[in-house]
Amino acid sequence: MDYQLLAELLFPQITDTPADVEARYPARQLPEGAKVTRFAPSPTGFVHFGGLFPSTVGERLAHQSSGVFYLRIEDTDAKREVEGAAEGLIKTLAKYGISFDEGAVLDAEGNIADRGDYGPYKQSKRGPIYRTYAKKLVAEGKAYPCFTTEEELDELQAVNKKEEIKNTDWQAQAESRRAEMLERRNFTLEEVKDHLAKGHPFVVRLLANGDPDKKVRITDLVKGNLEIPENDEDFVLLKSDGIPTYHFAHAVDDHLMGTTHVIRGEEWLPSLPKHIQLFGYLGFKLPKYMHIAQIMKLDEDGNKKKLSKRDMGANMDDYTSMGYCPEAVCEYIMTLLNSNYEEWHAQNPDKPYTDFPFSIKKMSVSGCLFDFGKLNDVSKNVISRMSASEVTQKVTDWALEFDPEFGKLLASDAAYAESIFAIGRGGKKPRKDLATWADAKPYMGFFYDGLFAPEYCYPENVSDVEAILDGFAKVYSADDDSTAWFEKVKELGLSLGYCADMKAYKNDPSAWKGSVADVSMVLRVAVTGKQNAPDLCEVMKILGTERVLERLEKGKVRK
RNA sequence: GGCCUGUUGGUCAAGCGGCUAAGACACCGCCCUUUCACGGCGGUAACAGGGGUUCGAUUCCCCUACAGGUCACCA
């Protein structure tokens with residue numbers, strides 16, 4: 001067979017040689033040890049937690065080593081592509097601090113544009129490049145055209161791959177398909193010419209030369225040393241529409257774009273033999289691989305399952321609507337990525353997570369369960385470190401979008417809102433009331449008359465609510481500091497028979513009607529409408545005398 | 001079913017031949033305390049099972065079990 005002729009027959013329009021292409025993609029000039037990584041999503045939907053996870057790894061590795069992190073859009077499957085998804089991905093990623101040095105970016109009009117010298121960064125725009133390499137492989141007898149249509153292939157398989165195949169049928173199925181596929185290797189130039197003349201579409205398949213009984217040794221930076229069988233499958237390189245499959249695009253692009261570290265989910269591990277063979281055929285240097293474990297969730301049966309699109313916590317845009325701040329999510333991801341992150345952070349409380357020396361070695365080999373409890377804890381800490389004005393700004397921005405009524409209330413008087421968020425903030429032991437921005441409303445809604453919905457649950461043992469409320473209304477002064485304020489509460493209680501000293505009260509509760517705690521609780525319930533609230537003295541100061549007195553009066557409804 | 005990967009408390013995890021098997025989250029208790037939120041102290045709880053190798057295995061090897069992934073002209 002004259003492979004050179006075959007290649008010309010198949011790709012008459014390709015005149016470039018691989019050398020021509022290589023010339024346009026010179027090796028990157030980077031410092032020693034610099035890593036070039038990429039995030040290569042297919043634009044089929046929103047950013048998934050399982051996508052942010054590896055992209056964080058890529059971003060850290062590149063930027064920690066003065067390398068390059070780029071975005072490549074893998075839009076090789078027109079059928080699954082979702083309109084606007086790529087734009088959405090870029091925006092969402094940016095929100096989570098994933099910044100790209102080059103690749104697909106959004107221009108001023110919000111359209112996808114290229115930045116950098118190794119583009120195009122959309123695979124759909126790289127057709128001729130892939131075909132150049134495909135032509136080369138065909139010319140070398142390492143790939144061949146296959147005119148069998150998808151439909152014929154499906155029939156041949158009898159059972160569609162997505163459907164259940166009985167266990168016993170698997171082997172027979174695979175063997176018969178394999179035998180059939182081997183048949184496709186046998187063809188003559190005349191047959192090809194004939195097909196081409198009739199305009200039949202074809203795919204280009206790799207001519208596999210691997211022996212599955214032989215193992216290839218390869219070191220994965222996360223998984224360690226692996227022994228995997230050689231590839232013996234004539235997988236598709238170029239689809240009938242001339243667009244490459246993931247496998248082929250991966251080899252060509254990561255080579256040309258100078259990727260040093262390929263970071264991807266471990267679901268790619270089984271196709272690694274294909275990639276190894278392809279890189280070998282193409283004469284490309286194999287990049288370093290990092291197959292990272294999937295994020296899991298617990299299904300109804302208590303089994304771990306891959307966190308999938310529909311799951312709570314999958315869509316990154318959901319975190320936004322739930323009110324999680326990106327910093328918290330990023331820190332949570334860091335704790336999952338490197339378990340010593342929290343320790344480091346405790347020692348470096350003021351440094352951003354980007355200062356953390358991220359280590360590949362410390363990455364977990366197995367998949368972890370997504371844990372909202374942990375996220376909330378991280379988030380509370382993150383928020384507790386923010387200034388009152390920062391919190392005010394962020395809660396307001398969030399509410400304006402997801403709870404406009406509340407948002408308008410906050411925005412109408414930012415200084416007031418800020419004074420509320422300032423309660424117990426700063427210092428060594430800041431309050432940690434908020435895990436999400438959505439927690440703000442139930443926490444401090446009572447500061448707004450429109451949201452003040454008191455449930456007057458006074459302590460059971462207190463029978464003189466009115467006397468307490470009246471008594472306090474008479475002595476309250478907004479000028480009192482917290483000590484003076486509390487003294488007044490104690491005096492009032494004492495005059496009504498409530499012990500002012502908690503220790504004394506606990507020693508002999510029967511000697512009193514109750515304690516100063518009960519008195520405080522009555523005031524708290526009347527003023528905040530709840531049994532739990534931040535420091536009452538400060539709350540009253542923020543509310544102002546007028547509204548305090550008003551609420552004390554209103555609280556006399558009795559239980 | 002073949003192939004690949006994994007398995008330390010409820011969760012995330014240190015460990016890398018000899019430890020009373022860290023720590024964090026969650027949970028429980030106590031303390032602090034006018035409530036809550038913090039903070040402090042303490043507690044319950046783990047090496048999947050079976051064989052080896054070894055003076056000694058959570059650590060190394062094998063088998064089993066279980067779990068996950070994958071077997072497309074999808075990525």
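Worth knowing before you read on, the calculation uses all heavy atoms, side chains too, and leaves out hydrogens, waters and symmetry mates. Below, read A as the first sequence line, B as the second, and so on, with proteins coming before strands; counting in each chain starts at 1. Please read all numbers here as calculations on a predicted model, not as lab measurements.
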Exercise for review: Rounded to whole angstrom, note down the C1' distance from B:A24 over to B:G9.
Suggested key: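 Straight-line distance between the two C1' atoms is 13 Å.
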Using whole Å, what does the distance between atom [atom2] of nucleotide [N] and atom [atom1] of [X] come to?
| X | N | atom1 | atom2 | value |
| --- | --- | --- | --- | --- |
| A:M181 | B:A72 | CE | P | 10 Å |
| A:N231 | B:U70 | CG | P | 17 Å |
| A:K306 | B:G69 | NZ | C1' | 8 Å |
| A:R264 | B:C74 | CZ | C1' | 14 Å |
| A:H247 | B:U70 | NE2 | C1' | 11 Å |
| A:R72 | B:A75 | CZ | P | 12 Å |
| A:F248 | B:C74 | CZ | P | 14 Å |
| A:H275 | B:A75 | NE2 | P | 11 Å |

Looking at [Y] and [X], is any side-chain nitrogen of the basic one under 4.0 Å from a carboxylate oxygen of the acidic one?
| X | Y | value |
| --- | --- | --- |
| A:E331 | A:R385 | yes |
| A:D464 | A:K513 | yes |
| A:E538 | A:K541 | no |

Exercise for review: For RNA chain B, list all stems, counting runs of three or more consecutive pairs where every pair is Watson-Crick or G-U wobble with both distances under 3.5 Å.
Suggested key: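 Consecutive-pair runs (3 or more) involving RNA chain B: B:1-7 with B:65-71, B:10-12 with B:23-25, B:27-31 with B:39-43, B:48-52 with B:60-64.
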Point to revise | Donor + acceptor pair across side chains of A:T436, A:Y319 (<3.5 Å) | key: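 Judged by distance alone, the side chains do not pair up.
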Review point. A:N338 and A:S359: side-chain donor and acceptor closer than 3.5 Å?
Key: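 Judged by distance alone, the side chains do not pair up.
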Exercise for review: Between A:T149 and A:E343, just flag the one whose closest nucleotide in RNA chain B comes earlier from the 5' side.
Suggested key: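 In this pair, the answer is A:E343.
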Donor-acceptor pairs under 3.5 Å, side chain of residues 516-524 of chain A to any protein atom, not counting sequence neighbours: which ones?
| residue | atom | partner | partner atom | Å |
| --- | --- | --- | --- | --- |
| A:D518 | OD2 | A:N461 | ND2 | 3.2 |
| A:D518 | OD2 | A:S515 | N | 2.9 |
| A:S520 | OG | A:V516 | O | 3.1 |

Review point. For nucleotides 28-37 of chain B, read 5' to 3', which letter fits each nucleotide if B means a protein heavy atom sits under 4.0 Å from the base, S means only the sugar-phosphate is that close, and - means neither?
Key: ------BBBB
Study note, to complete from the structure: Contact string for nucleotides 2-15 of chain B, one letter per nucleotide 5' to 3', B = base within protein heavy-atom range under 4.0 Å, S = sugar-phosphate only, - = neither, reads -SSSS----SSSS-
**Study point:** A:R184/A:D234 under salt bridge (Lys or Arg N to Asp or Glu O under 4.0 Å): CA gap, chis, key distance, verdict
**Key:** CA-CA 10 Å; A:R184 318 284 132 171; A:D234 289 359; over 6 Å; no
Point to revise | Parallel, tilted or perpendicular: ring planes of A:Y332 versus A:F49, cut at 30 and 60 degrees | key: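 Ring orientation, 0 to 90° scale: tilted.
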Exercise for review: Could you tell me whether A:F202 and A:H195 have their ring centroids closer than 6.0 angstrom?
Suggested key: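 No, the ring centres sit 6.0 Å or more apart.
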Exercise for review: Would you please indicate yes or no on a ring centroid separation below 6.0 angstrom for A:H250 and A:F279?
Suggested key: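 A:F279 vs A:H250: aromatic centres under 6.0 Å.
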Check your understanding: Can you name the residues that form a salt bridge (Lys or Arg N to Asp or Glu O under 4.0 Å) with A:D77, not counting sequence neighbours?
Key ->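 Per chain and number, A:D77 pairs via salt bridge (Lys or Arg N to Asp or Glu O under 4.0 Å) with A:R80.
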Review point. Looking across every strand, which nucleic acid part, if any, lies under 4.0 Å from A:K305 by heavy atom: base, sugar-phosphate, or nothing?
Key: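 It contacts sugar-phosphate atoms only.
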Check your understanding: Which part of the nucleic acid, if any, lies within contact of A:K428, taking any heavy atom under 4.0 Å across all strands shown: a base, the sugar-phosphate backbone alone, or nothing?
Key ->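 A:K428: no heavy atom of the nucleic acid under 4.0 Å.
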Practice item. Can you sort out the partners of A:H291 under side-chain hydrogen bond (donor to acceptor under 3.5 Å, both in side chains), two or more places apart, ordered by chain and number? Key: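 Once residues adjacent in sequence are excluded, the partners of A:H291 under the side-chain hydrogen bond (donor to acceptor under 3.5 Å, both in side chains) criterion are A:D220, A:R264.
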